Amino acid sequence: MIDLKKLSHPPDDGSVAFSDQYKKSIQNRGGDPAVVDQILELNSKRKKLNFSIDDSKFKLKSANQKIVTLKKAGKDASPLLTELKAQSREIKSLEAELAQVEQELNTQVHSTPNMLSEDTPFGESEDDNVLYKTVGERPQPKFKVKEHWELGEERGLIDFARAGEVTGSRFAFLKGDLARLERALIQFFLDFHTKDNKYTEILAPYIVNSKSLFGTGQLPKFSEDLFKLENTDYFLIPTAEVPLTNYYSDTILKGADLPVCLTGFTPCFRSEAGSYGKDTKGLIRQHQFHKVELVKFCHPDDSEAEHEKLLSDAEGLLQALELSYEVRTLCSKDISFSAAKCYDINVWLPGQNQFREISSCSNFLDFQARRANIRFKDESMKKPQFVHTLNGSGLAVGRTLIAIMENYQNADGSIRIPSALKKYMNNKDII
RNA sequence: GGAGAAAUGGCAGAGUGGUUGAAUGCACCAGUCUUGAAAACUGGCAGGCGUGAUAAGCGUCUCGGGGGUUCGAAUCCCCCUUUCUCCGCCA
């Protein structure tokens, strides 16, 4: 949610008005910048109405005091009452009008995306994401590496067919050592992030209400991406970002406690509406997958630095697993609704012979904090201020599993266990 | 799922129609006192919106949420949510 005060504030001398910057930003995302003018107009309508309501209420209140005085003196107050009745009705009708304007305003504001950071490059599609860095050595196998689904099915480690029967498409059963490897990854990720109390581990609900989804920005615009539980206000979480970020909704944190860093493992559920035919094979795009998420709440001055740290926390896992990856800064049309700046980490998959996304690390600035009402305050501050929120995958578990199956594959179809994971695999070094 | 009770500031807890954003206590912050600390004393201590200079000040709203009655609601009425107790069910 954008800062309306800032938006309607005239430009400081010589600089570009915030509203003009916002228009440009919306345009770069491929949206219609005219919405900004509509918002501004509704907002000024709102202010005017608000003013006259406050004014009328002030008069009514003062008159009420007179009644109190008259009654205390034992005098008749009824002549005043007729007049006040009319005034009271007037206020009610103004309030109804205000509610209408506010609703229209909210509809617009709530479905308008975040202002892009200056670092977010302009681009038309994911092809325009900008390479930030490439890390690690790709393996050079002397045989044709099998894609993970091929290997998984051949070896009886993944069963898509039975999942199709039991549930439907985009689901899978993992079996035996591979199921264990998935569990090992989860354990490893959480141990890594909670080492030295860097992040506090949270085990969160997998079901949230619409208010929480609004807070992080999935609602009201993207309901079709979610699984909703019938006849309830409950949704399966698409990511742990939702319960973890909303853990502090309607909260004023202590300035001294920032940054607050949380990590949590959850399954994630996505309807994948609109991705028909995309990644239909394998574990890449499932309706249910596992992810360890990193969430930070920080002082606005620190969010850029915290974003870099978040990225390196996610990268640390790939380095520990000795997997090759690249980091790209998402461009204006590929970045998500709520984010101002986002790094995608793409891991090298030799079976597919390409990089695939394994983590997304975003800085939301105060966009989510406004929606979810997450603020902070310290001694020196008169008023609380919105925090900045950030989150990133650390990492997507299923996709990491794929990366291991493809990068650590032997010619005979066996899979080596990265040394960092051995202790979680009963010291096995091959499966 | 059934029956009952409750929801007030960071916490505890007054307040049942008239200047109550709300007594009192605790916690917290600042000061006095003290070599320092504690105690005692003094003062401060919620947020939203509008106006204003994104100040001070002023206005307005907020006693779980929403609606209603009234000139006026923390207080009366209706609906919802949450919590607690008992019963049922259940891992």
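Nothing here was measured: the structure is a model prediction, and the numbers come from that model. By convention in this document, chain letters (A, B, ...) are assigned in the order of the sequence lines, proteins followed by strands, and residues within each chain are numbered from 1. Hydrogens, waters and symmetry mates are skipped; everything else that's a heavy atom, side chains included, is used.
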Next item on the list: Starting at the 5' end of RNA chain B, write a dot or bracket for each base, bracketing those in Watson-Crick or G-U wobble pairs whose two distances are under 3.5 Å and using | for partners on another strand.
Entry: ((((((((.[[[..)..(.....]]].(((((.......))))).((((((.....)))))).[[[[[..)....]]]]])))))))....

Next item on the list: State, without any angle test, whether A:D250 and A:N373 hold a side-chain donor-acceptor pair at a distance under 3.5 Å.
Entry: yes

Next item on the list: Under the salt bridge (Lys or Arg N to Asp or Glu O under 4.0 Å) rule, what do A:K291 and A:E293 come out as? Steps first, then yes or no, please.
Entry: CA-CA 6 Å; A:K291 184 156 59 68; A:E293 188 74 359; 2.7 Å; yes

Listing time: all N or O pairs from protein to nucleotides 16-20 of chain B that are below 3.5 Å?
residue	atom	partner	partner atom	Å
B:rG18	O6	A:K71	NZ	2.9
B:rG18	N2	A:N64	OD1	3.0
B:rU19	N1	A:Q65	OE1	3.3
B:rU19	O2	A:Q65	OE1	3.0

Checklist line | A:D225-A:S271 side chain donor-acceptor pair, cut-off 3.5 Å | finding: no

Notebook entry, point to check: Taking only N and O in the side chain of A:R89, is any of them less than 4.0 Å away from OP1 or OP2 of B:rC71?
Noted result: no

Check: Do the side-chain N and O atoms of A:T389 and A:Q368 include a donor-acceptor pair separated by under 3.5 angstrom?
Finding: yes

Note to self: Can a side-chain donor-acceptor contact be found between A:H193 and A:T263 if the only test is distance below 3.5 angstrom?
What the structure shows: no

Margin query: With a 4.0 Å cutoff (strictly under), does any side-chain N or O of A:S88 reach OP1 or OP2 of B:rG72?
Written below: yes

Next item on the list: Starting at atom CG of A:D233, determine the distance to atom C1' of B:rC80, rounded to an integer number of angstrom.
Entry: 12 Å

Give me, pair by pair, the N or O atoms of the protein and of nucleotides 51-55 of chain B that are less than 3.5 Å apart, along with how far apart they are.
residue	atom	partner	partner atom	Å
B:rU54	OP1	A:H9	NE2	2.9

Next item on the list: Step through it carefully: locate the ring centre of A:H287, locate the ring centre of A:F227, and say whether they are under 6.0 Å apart.
Entry: yes

Checklist line | Residue closer to the 5' end of RNA chain B, A:K383 versus A:L60 (nearest nucleotide) | finding: A:K383

Checklist line | Short side-chain N/O contact from A:R46 to OP1 or OP2 of B:rG50, under 4.0 Å | finding: yes

Checklist line | Between A:E104 and A:Q38: side-chain donor-acceptor atoms closer than 3.5 Å | finding: no

Next item on the list: Starting at CD1 of A:I335, measure out to OG of A:S25 and round the result to the nearest 0.5 Å.
Entry: 9.0 Å

Note to self: Assuming nearest nucleotide by heavy-atom distance, tell me which of A:A86 and A:K59 is located more 5' along RNA chain B.
What the structure shows: A:K59

Notebook entry, point to check: So how far is it from A:L4 CG to A:S44 OG, rounded to the nearest 0.5 Å?
Noted result: 11.5 Å

Next item on the list: Determine, using ring centers only, whether A:F189 and A:F265 are less than 6.0 Å apart.
Entry: no

Check: Is there a donor-acceptor contact under 3.5 Å linking the side chains of A:N209 and A:S212?
Finding: yes

Strictly under 3.5 Å: I want the nitrogen or oxygen pairs between protein and nucleotides 73-79 of chain B, one per line.
none

Note to self: Less than 3.5 Å apart, any donor N or O on the side chain of A:D233 or A:S210 sitting next to an acceptor on the other?
What the structure shows: yes

Notebook entry, point to check: side chain to side chain contact (heavy atoms under 4.5 Å, CB included) between A:Y22 and A:T112: does it pass, once the steps are laid out?
Noted result: CA-CA 10 Å; A:Y22 193 41; A:T112 309; 3.0 Å; yes

Margin query: Output the rounded distance in Å from CD (A:E95) to P (B:rC49).
Written below: 18 Å

Pairs: protein N or O with nucleotides 61-69 of chain B N or O, under 3.5 Å:
residue	atom	partner	partner atom	Å
B:rC61	OP2	A:K61	NZ	3.0

Margin query: Of the options B:rC71, B:rG59, B:rG48, whose atoms approach the side-chain atoms of A:F58 most closely?
Written below: B:rG59

Throw together a table of side-chain donor-acceptor distances under 3.5 angstrom for residues 88-99 of chain A, partners on residues two or more places apart or in other chains.
residue	atom	partner	partner atom	Å
A:S93	OG	A:E90	O	3.4
A:E95	OE2	A:K57	NZ	2.8

Check: Would you say B:rG47 has OP1 or OP2 under 4.0 Å from some side-chain N or O of A:K377?
Finding: yes

